[in-house]
Amino acid sequence: MRSKIRKQKRSDKAHEREEQMAQDEMDKNKLQVTEFVTANELASMMDLQVTQIIAACMSLGMMVSINQRLDAETIAIVAEEFGFEVEFVSADMVEAVEEEEDDPDTLEPRAPIVTVMGHVDHGKTSLLDYIRSANVVKGEAGGITQHIGAYEVKLESGKKITFLDTPGHEAFTAMRARGAKLTDVVIIVIAADDSVMPQTKEAISHAQAAGVPIVFALNKIDRDAANPDRIREQLSAMNILVEEWGGKYQCQEISAKKGIGIESLLDKVLLEAEILDLKANPNKRAVGNIIESTLDKGRGIVTTVMVASGTMRVGDPILAGVNSGKVKAMFDERGKKMASAGPSTPVVILGFDGAPQAGDKFIITKTEPEAREIANKRQQLQREQGIRTNKHITLDEIGRRLAIGNFKELKVIVKGDVDGSVEALADSLIKLSTEEVQVSVIYKAVGQISESDIMLASASDAIIVGFQVRPSTQARKLAEQEAIDIRLYSIIYNAIEEIKSAIEGMLEPTIEEKILGNAQIREVFKITKVGTVAGCMVTDGKLVRNAKIRLIRDGVVVFSGALSSLKRFKDDAKEVASGFDCGLTIHNYNDMREGDYVEAYEEVEVKRKLK
Ligand code: GDP
C-alpha cells in the first residue's frame, strides 16, 4: 500500500525533482539518520517545520506526534517527499567525531596488519612463536613478556609487519562483526602432512567474505609424510589456484618448528601489502580499533588498541564505543613505557572508564569533556535502538528493506547433514536471484550450526539455512544475542519456496515449527517384542506423547517421525516436563544411542507480518 503511494508520488514529483537535483549538490540532500529518529529531529535535519513532517505522515495515513519515533520505511518516504535521500547508520556513526581529513601528500607507508588462521594443530601458534622469538633474538633485549593480542616485528630489511596474535577465524570474524577491518593480509596455515580440513575451509571463507588477500603457508614440510602438492591439489578443487600452478594465490612451504621458509613467507606477505599500497597519515589525532580490554585489579581498565592512523600520545582524551577516558600511560608488548604510537602500532593503554568491546573504533578527541559527552549520548542511543531494532537481516525483514530500496543481496550460509543436500540446496538458492536481489551463498558446509557460523552471519549480515541439522546450544544462545535468523528445514523444497516468497516480498501465512522441548537419551534397552526403549532426561521444554519428533545425533537429524510410547516409571504419560526422567520408544525406529537428543515439535500456522 505504501509502496503504491510512493510510486504515485514518485511520478508526480519526478520532473520537479530533476530540476532540483540539477541545482543542488547531491550531497546536500543526503541525510544520515538512525532508525527511530523523532518527527521533530527529522524536521530539524531537513530544516523544515515539524508540522510539515506531520502533514506528510498524515498523507500516508499515519497520525504522528512531535516526539514520536518513526520507523525506517516512514523516514525514507517522508524524506523523499522533501527531496532528501536517507542513509541509515548506526548510533556510533551519528554521534561520531569527525576524523581529520587526510591530504594525500601527508600519507606515509604503514606496516601491514596480519592475522594467522587455520585448522587446529596445523601450526598457527608455532608459526607466531617462531616469528616472535626470531625477532626477539635479533631485536631488542628483553623478550616479549606479555600477551597483548598483537605485536610488531621488524624484518632484516628494516620493514615491519604487525601480527594480530588472536589466531583463529572466530576472533577475526568477531572483530569484523563489530565493523573493524583490522586485517590487511591473512596467512592460512595448512599442515602439509594432513589435508585441507573443515576449519581450513571455514578460515578461507571468512577471509574471502572479508575481502582480505590470503597467503597460504604449507607447514610441517620437515616431516616425511609431508606432501604439499596434495594440499595444492585440494585447494584447486575448491577453485583456489596457487601461484606456482598459474593461479593468483601466493603459497609458501614452511616449517614453523625448524624455521624453514619463514622469511620467504614474510616476503610474500610484504608483497601482498605492497599491492595494497597501505598508507596512513601519522600527523593527526589518532584513530584505530580496540583489540582487547580487561579489568586489572591494580591498574584498572587495561586496553590493547591498534592505531590505524594518526599518532597517539600520553595525555590524549580518548573515546571508543560507549566508553571514554584519557590515555594515562602507554606500553609496548615488552611492558616498556611509550610516549607515542603511530599507524599500525599495537599499544597497551590505561585510562578508559570502562572496558570497550574488541573491534570498537577508538578516536582521540580534542577535549576530554567532548569524549565523555559523546560516550553518554551513544549509551542513550544504544539503549533505545537495542530495544527497538533488529540488527540483522531476517526473512521477514527482506520486504521492509526492499521497500527502503537498499537491499541488493541476500547472503546465506548453508549447513546440512550430507554433502549432496548442501550442494543441491546452495545451487537452488543461488538460482533464486532476481533483478532486484542477488542471492549469494557465502559459506556452505556439512555439520551442525556452530558459533563460528553465527559470527560469520553476524559479520556479513547473512541468514543461516540449516537442512536436517541443528545449532549447538552455544550457537543458539549466540544467535539470539546477535539476532541472527536461523531457518531449519527438513525438505529442500520448503526451504527454496520460503526464501523465494521472501524475496518476492510476499511471505504467505505459513506453517511454522514450534520446538516443544528436547530430551537427552541417557540409556538404551533392547527389549524383545517391544524394540529399543530409551531412558531419557528432558533437558528443556517438554516431551509430548502426540508431538512429532526428531532424533538428533551430534547436531544432525538422523530420524524424523513420532513416538509410539512415552512413560514416567511404568505409567503412560501425556507429557513430561523439563528435569524429569522418562522412557520412550520411537515408532518404526530402533537405532537410538546414548547421547542422542529427542526433539519434540508441533506445527502451527503463523501469519507473517508484511511490513
Ligand atoms: P595450532 O593449533 O594451529 O596453533 O598448532 P600448534 O602451533 O600448536 O602446533 C601443533 C603441533 O604441531 C605441535 O605439536 C607442534 O610442535 C607441531 N608443529 C607445528 N609446526 C611444525 C612443523 O613445522 N614441523 C613439525 N614437525 N611439527 C610442527
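First listed ligand is number 1; within each ligand, the first listed atom is number 1. Remember, it's a predicted structure, so these values are computed and weren't measured experimentally.
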Pairing of [X] and [Y] as salt bridge, 4.0 angstrom limit:
{"X": "Glu523", "Y": "Arg593", "answer": "no"}
{"X": "Asp129", "Y": "Arg132", "answer": "yes"}
{"X": "Lys415", "Y": "Asp453", "answer": "yes"}

Side chain, backbone, both or neither: which applies to [X] and ligand 1 if a contact is any heavy-atom pair less than 4.0 Å apart?
{"X": "Asn219", "result": "side chain"}
{"X": "His119", "result": "backbone"}
{"X": "Arg223", "result": "side chain"}
{"X": "Asp222", "result": "side chain"}

Checking the N or O distance criterion of under 3.5 Å, is ligand 1 in contact with [X]?
{"X": "Ala256", "answer": "yes"}
{"X": "Ser126", "answer": "yes"}
{"X": "Gly123", "answer": "yes"}

Nearest to atom 21 (C) of ligand 1 by heavy atom, Lys220, Met117, Lys258: which?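 Among Lys220, Met117, Lys258, the closest heavy atom to atom 21 (C) of ligand 1 belongs to Lys220.
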
Under 4.0 Å from a heavy atom of [X]: which atoms of ligand 1 are those, numbered in the order shown and with their elements?
{"X": "Ser255", "answer": "22 (C), 23 (O), 24 (N)"}
{"X": "Val120", "answer": "2 (O)"}
{"X": "Asp121", "answer": "1 (P), 2 (O), 3 (O), 5 (O), 10 (C), 12 (O)"}

Kindly write out the residues that satisfy ring pair (Phe, Tyr, Trp, His ring centres under 6.0 Å) with Tyr601, not counting sequence neighbours, or none if the list is empty.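 Result, ring pair (Phe, Tyr, Trp, His ring centres under 6.0 Å) vs Tyr601: none returned.
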
Side chains of Gln234 and Arg232: is there a donor and an acceptor less than 3.5 Å apart?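 There is no such pair (donor and acceptor under 3.5 Å, judged by atom type) between the side chains of Gln234 and Arg232.
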
Any donor-acceptor N/O pair, Lys268 side chain to Cys251 backbone, under 3.5 Å: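 Checked: pair present.
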
Is a side-chain N or O of Thr539 found less than 3.5 angstrom from the main chain of Asn518, in a donor-acceptor match?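 The answer is yes, because a donor-acceptor pair under 3.5 Å joins these two groups.
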
Going by atom type alone, with no hydrogens or angles, which donor-acceptor pairs under 3.5 Å involve a side-chain atom of residues 107-114 and a protein atom two or more places apart or on another chain?
{"unit_1": "Arg110", "atom_1": "NH1", "unit_2": "Asp184", "atom_2": "OD2", "d": "3.0"}
{"unit_1": "Arg110", "atom_1": "NH1", "unit_2": "Ser344", "atom_2": "OG", "d": "3.2"}
{"unit_1": "Arg110", "atom_1": "NH2", "unit_2": "Asp184", "atom_2": "OD1", "d": "3.1"}

